[in-house]
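Working notes for the structure below.
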Amino acid sequence: MPVTEDRQKFVYDFTEGNKDLKDLLGGKGANLAEMTNLGLPVPPGFTITTEACKVYLEGGEEPLSMRDEVSAHLAALEERMGKKLGQADDPLLVSVRSGAKFSMPGMMDTVLNIGLSDASVAGLATQAGDERFAWDSYRRLIQMFGKTVLGVDGDLFEEALEEAKHTKGVSTDVELDAADLKRLVEGFKAIVAQETGRDFPQDPREQMDLAIRAVFDSWNGDRAKLYRRQERIPGDLGTAVNVCSMVFGNLGPDSGTGVAFTRDPASGHQGVYGDYLQNAQGEDVVAGIRNTMQLAELEQLDKASYDQLMQIMETLETHYRDLCDIEFTIERGKLWMLQTRVGKRTAGAAFRIATQLVDQGLIDEAEALQRVSGAQLAQLMFPRFDEKATTELLGRGIAASPGAAVGKAVFDSYTAVKWSRSGEKVILIRRETNPDDLDGMIASEGILTSRGGKTSHAAVVARGMGKTCVCGAEELEVDTKRRRMTAPGGVVVEEGDVVSIDGSTGKVYLGEVPVVPSPVVEYFEGRMHAGADDADELVQAVHRMMAYADRTRRLRVRANADNAEDASRARRFGAQGIGLCRTEHMFLGERREMVERLILADTEAERDEALGALLPLQKADFVELFEAMDGLPVTVRLLDPPLHEFLPDITELSVRVALAEARQEAHENELRLLQAVHKLHEQNPMLGLRGVRLGLVIPGLFAMQVRAIAEAAAQRLGSGGDPRAEIMIPLVGTVQELEIVREEAERVIADVEAATGTDLKLTLGTMIELPRAALTAGQIAEAAEFFSFGTNDLTQTVWGFSRDDVEASFFTAYLEKGIFGVSPFETIDRDGVGSLVRAAVQAGRATRPDLKLGVCGEHGGDPESVHFFHEVGLDYVSCSPFRIPVARLEAGRAAALNGTASDSR
Ligand code: PEP
Ligand code: MG
């Protein structure tokens with residue numbers, strides 16, 4: 001959308017916005033406005049829109065009218081607060097904070113205490129009656145401003161602070177007094193002057209304008225870009241900027257700052273969850289710099305604020321009808337709300353909270369389905385550590401993000417990235433993490449920190465990524481310089497030693513702990529019942545959500561399965577049939593030689609003999625499969641891969657023949673084989689003699705398979721079964737191919753029906769996996785009773801990407817360049833492949849209104865793709881047995897979404 005500057009409004013007072021304006025005001029701004037309108041105690045302020053940011057990012061200049069709008073809003077704020085920004089005797093101070101549509105914790109910049117200067121620091125001291133506080137605030141401003149706005153290396157300030165503490169012989173910053181801090185301010189100003197060639201700006205408005213610009217710029221900082229790629233957040237959204245009057249948590253022991261959740265983001269349990277830090281400001285809590293106290297302890301410290309906070313948390317939960325997380329500050333006994341948002345949660349908590357909210361009557365089933373995702377369900381199906389394993393327990397921290405992670409200990413992000421690139425699994429161990437650790441966190445299996453609570457940077461970011469994290473394991477002494485960690489008993493873990501961390505219990509083990517299946521898989525397998533005594537709340541929540549999804553979904557879910565064992569598992573997992581039985585998987589092992597004989601057959605008799613040997617084996621396979629799926633449809637695909645896949649490797653065979661010749665040994669058979677291999681060798685086998693083409697050039701092959709299917713079905717009928725076989729022809733490009741195969745198949749089926757006195761009701765359809773098939777779907781539907789979209793081959797042929805090669809070769813580069821956000825082999829390419837699917841659905845149904853439509857490519861189990869298949873009106877998706885629960889859930893979500901307004905991220 002072109003940005004029209006003229007009449008656009010770029011600045012909104014907190015009283016003007018609401019929670020639905022996240023696109024424009026960012027998540028933080030929209031929610032500050034919502035809280036303001038709810039009458040909660042929010043310090044007054046205003047938000048500069050993401051549209052202003054976009055104009056700046058496009059042209060390098062803020063929109064012309066923005067400055068005037070900021071001036072007007074600042075004037076109104078000053079009037080309301082009864083003081084002016086930076087006023088010498090009583091300065092209004094503001095914070096300038098980033099806030100994009102989607103939460104990007106710690107990825108962009110924030111500057112607090114704007115408005116302080118040499119002129120106003122004394123005024124602040126007088127007003128607050130606290131000189132130390134005023135100088136501490138000033139040194140924080142110079143430090144934050146210097147680093148984030150002026151680009152000074154933050155370590156220089158940290159070193160100066162350490163030096164000041166060292167000189168004084170103290171260990172924490174709260175022990176520095178006003179005189180020390182005053183000296184530190186001089187030191188900080190000198191650092192700024194030396195590093196930037198300019199003095200720290202004394203004009204408060206200049207400070208504010210520069211900070212706003214720095215927030216805009218931070219949208220394109222390396223950290224933010226990396227995070228967006230990881231989280232698949234579009235790069236063109238821009239960030240809003242919130243200018244908020246300051247309240248102070250660092251005004252003494254009756255002040256402080258904290259973060260809280262309305263319920264436990266790790267388990268979903270209701271209760272008091274959060275961290276509080278007395279006499280602290282801003283990011284001190286989440287940075288894990290000092291160890292925090294638990295929020296429940298605030299009750300003893302300041303009962304009035306605590307009670308008010310509890311009440312506000314209840315208001316917010318009821319209002320947002322979801323778990324909220326909040327940031328608050330207490331300034332001399334007065335509570336202020338600084339932020340709220342619908343909080344991130346673990347996969348398990350998402351399921352529990354969704355059902356709890358239904359029980360509380362806050363949301364309905366359709367909405368509950370939007371509160372969970374297939375990706376979260378998949379996470380819950382991962383194996384867990386075996387509690388009974390006797391591995392050495394090194395220590396325990398806070399269970400911050402669940403999962404079982406095993407890897408080699410690394411103590412810095414650089415090594416984490418380097419080792420993981422060379423294929424090692426690593427656990428990143430730090431005292432605490434900060435945004436610079438992001439790439440190391442992405443590269444690791446899990447993260448372990450010795451400091452910080454459930455809301456520390458490590459915990460928040462790991463949960464967002466779905467990575468295992470144990471934080472605040474204080475008993476473990478982490479020495480990043482010497483790359484080692486010491487456990488209480490004196491056990492030392494060096495870089496490269498294997499450790500296991502359990503993000504569900506907080507336990508840290510030495511060595512590799514064996515894993516056991518998750519209870520959710522046990523439930524799907526039928527080995528645990530949701531009503532059983534030992535079924536935990538999670539299993540019950542999953543059970544209920546699956547029931548909602550099954551009640552709601554229109555798409556049926558089938559399995560890709562080639563044997564009775566997979567078919568039975570699929571059925572236990574809720575499959576409503578088999579959407580793809582790849583018969584080539586039935587010709588592996590010793591049966592490969594039988595196919596070899598078929599390929600080598602020179603005479604009709606030899607060929608009939610080979611086919612005759614294969615027939616009973618195929619038939620037995622199908623009998624088993626039809627039995628396992630009795631009463632449900634089973635789509636059997638006739639042989640698809642190029643024949644050479646059944647022959648020995650050409651190089652190996654050539655060597656064998658050459659050696660036999662050299663040794664003058666008999667090698668007639670091998671020579672024949674080699675000739676056949678040469679004859680069948682193709683430069684581009686996936687575009688060669690495969691699929692329906694095989695059936696057309698190898699006489700009797702498809703007929704044998706059709707006979708096996710028909711005889712197996714007849715046998716099952718004879719035993720009182722209910723077989724529902726569907727015969728599927730692969731790689732059809734034109735209706736003529738299908739017609740020839742169809743005629744032959746019908747002859748064979750009629751033959752079997754006559755011989756067995758049965759009416760088999762077999763249907764015959766085709767895969768749509770070539771662009772030509774999709775483009776001529778209207779004609780193909782004349783000869784097909786069903787279509788199953790083979791989106792693996794369709795993606796390969798539409799893009800011209802070799803499905804076996806490209807993901808390992810250049811896809812990383814494509815992803816990095818943003819050509820696509822996810823591989824088109826993983827998630828359906830809606831615009832390209834998807835539009836062909838859509839057109840083929842319409843053309844196919846136009847010819848044959850009762851045409852049955854499904855998909856059996858990998859996309860059938862991919863959450864986003866399932867939504868697409870729902871939208872285009874397929875009848876079913878088919879996927880591997882383990883993905884069936886995910887497909888069921890997503891099919892339910894897709895159907896529920898039509899009736900629900902939802903913020904689906
Ligand atoms: C497909 O191409 O999508 C498909 C299911 O067939 P295969 O993966 O066996 O080629
Ligand atoms: Mg295929």
Side-chain angles (χ1 to χ4, degrees), residues 28 31-32 34-44 95 112 128 130 133 174 244-345 349 353 356-357 360 362 398-400 452-456 459-460 471-472:
K28 193 177 285 169
N31 287 321
L32 279 167
E34 189 77 10
M35 286 201 291
T36 302
N37 295 331
L38 278 172
L40 302 183
V42 176
S95 63
L112 307 179
D130 186 339
F133 155 74
V174 274
C244 186
S245 44
M246 284 295 304
V247 288
F248 297 97
N250 55 340
L251 266 172
D254 57 354
S255 304
T257 179
V259 290
F261 294 90
T262 53
R263 43 184 100 198
D264 186 352
S267 72
H269 289 146
Q270 280 176 294
V272 184
Y273 295 95
D275 302 300
Y276 182 70
L277 196 57
Q278 240 178 318
N279 200 8
Q281 191 182 35
E283 307 290 306
D284 292 357
V285 187
V286 282
I289 289 164
R290 274 187 268 153
N291 273 329
T292 53
M293 65 169 75
Q294 295 200 345
L295 184 59
E297 294 171 44
L298 177 63
E299 189 171 15
Q300 264 86 52
L301 219 60
D302 180 351
K303 179 141 174 48
S305 297
Y306 177 82
D307 289 345
Q308 190 189 358
L309 183 64
M310 291 301 121
Q311 206 177 9
I312 288 175
M313 277 161 63
E314 206 180 309
T315 306
L316 286 174
E317 229 197 44
T318 313
H319 183 72
Y320 282 86
R321 301 178 305 131
D322 207 347
L323 171 151
C324 297
D325 73 26
I326 56 183
E327 276 179 38
F328 65 93
T329 279
I330 297 176
E331 181 182 293
R332 291 194 167 144
K334 161 102 180 97
L335 176 69
W336 292 99
M337 302 299 294
L338 299 189
Q339 179 176 334
T340 192
R341 64 183 167 207
V342 166
K344 294 199 165 151
R345 65 209 66 189
I353 292 172
Q356 287 161 5
L357 294 175
Q360 284 177 251
L362 287 173
I398 296 166
K454 256 190 184 158
T455 47
S456 63
V460 171
C471 63

Please report the interatomic distance [atom1]([X]) to [atom2]([Y]), rounded to the nearest 0.5 Å.
| X | Y | atom1 | atom2 | value |
| --- | --- | --- | --- | --- |
| I312 | H319 | CD1 | NE2 | 13.5 Å |
| L357 | T318 | CG | OG1 | 10.0 Å |
| E34 | Y320 | CD | OH | 4.5 Å |
| L32 | M35 | CG | CE | 5.0 Å |
| E299 | M310 | CD | CE | 8.0 Å |

Is there a side-chain contact between [X] and [Y] (heavy atoms, below 4.5 Å)?
| X | Y | value |
| --- | --- | --- |
| R345 | F261 | no |
| P265 | D325 | no |
| L295 | Y273 | no |
| F133 | N250 | yes |
| C324 | N31 | no |
| L38 | L316 | yes |
| W336 | E331 | yes |
| L277 | M293 | no |

Which atom of [X] lies closest to which atom of [Y], heavy atoms considered:
| X | Y | result |
| --- | --- | --- |
| M313 | I326 | CG-CD1, 3.5 Å |
| A400 | A459 | CB-CB, 3.7 Å |
| K344 | L323 | O-CD2, 4.2 Å |
| P43 | C244 | O-SG, 3.6 Å |
| G333 | S305 | O-OG, 3.3 Å |

Would you check if the side chain of S95 reaches a backbone N or O of S245 as a donor-acceptor pair within less than 3.5 Å?
no
Verify, without hydrogens or angle tests, whether Y276 (side chain) and G256 (backbone) share a donor-acceptor contact under 3.5 angstrom.
yes
How far apart are the C-alpha atoms of T329 and L335, what are their side-chain angles, what is the distance that settles it, and do they pass the side-chain contact (heavy atoms from CB on, under 4.5 Å) test?
CA-CA 6 Å; T329 279; L335 176 69; over 6 Å; no
Between D254, D302, L309, which is the residue that forms a side-chain contact (heavy atoms from CB on, under 4.5 Å) with I330?
D302
Do F328 and Q339 pass the side-chain contact (heavy atoms from CB on, under 4.5 Å) test, and can you show the C-alpha distance, the side-chain angles, and the key distance before you say yes or no?
CA-CA 7 Å; F328 65 93; Q339 179 176 334; over 6 Å; no
Please tell me whether Q356 and R263 have a donor and an acceptor in their side chains that are separated by less than 3.5 angstrom.
yes
Take a 6.0 Å sphere around [atom1] of [X] and say whether it holds more than 12 heavy atoms from other residues, nucleotides or ligands.
| X | atom1 | value |
| --- | --- | --- |
| E314 | CD | no |
| Q270 | CD | yes |
| Q294 | CD | no |

Qualifying residues under side chain to side chain contact (heavy atoms under 4.5 Å, CB included), relative to P253, sequence neighbours excluded:
Q278
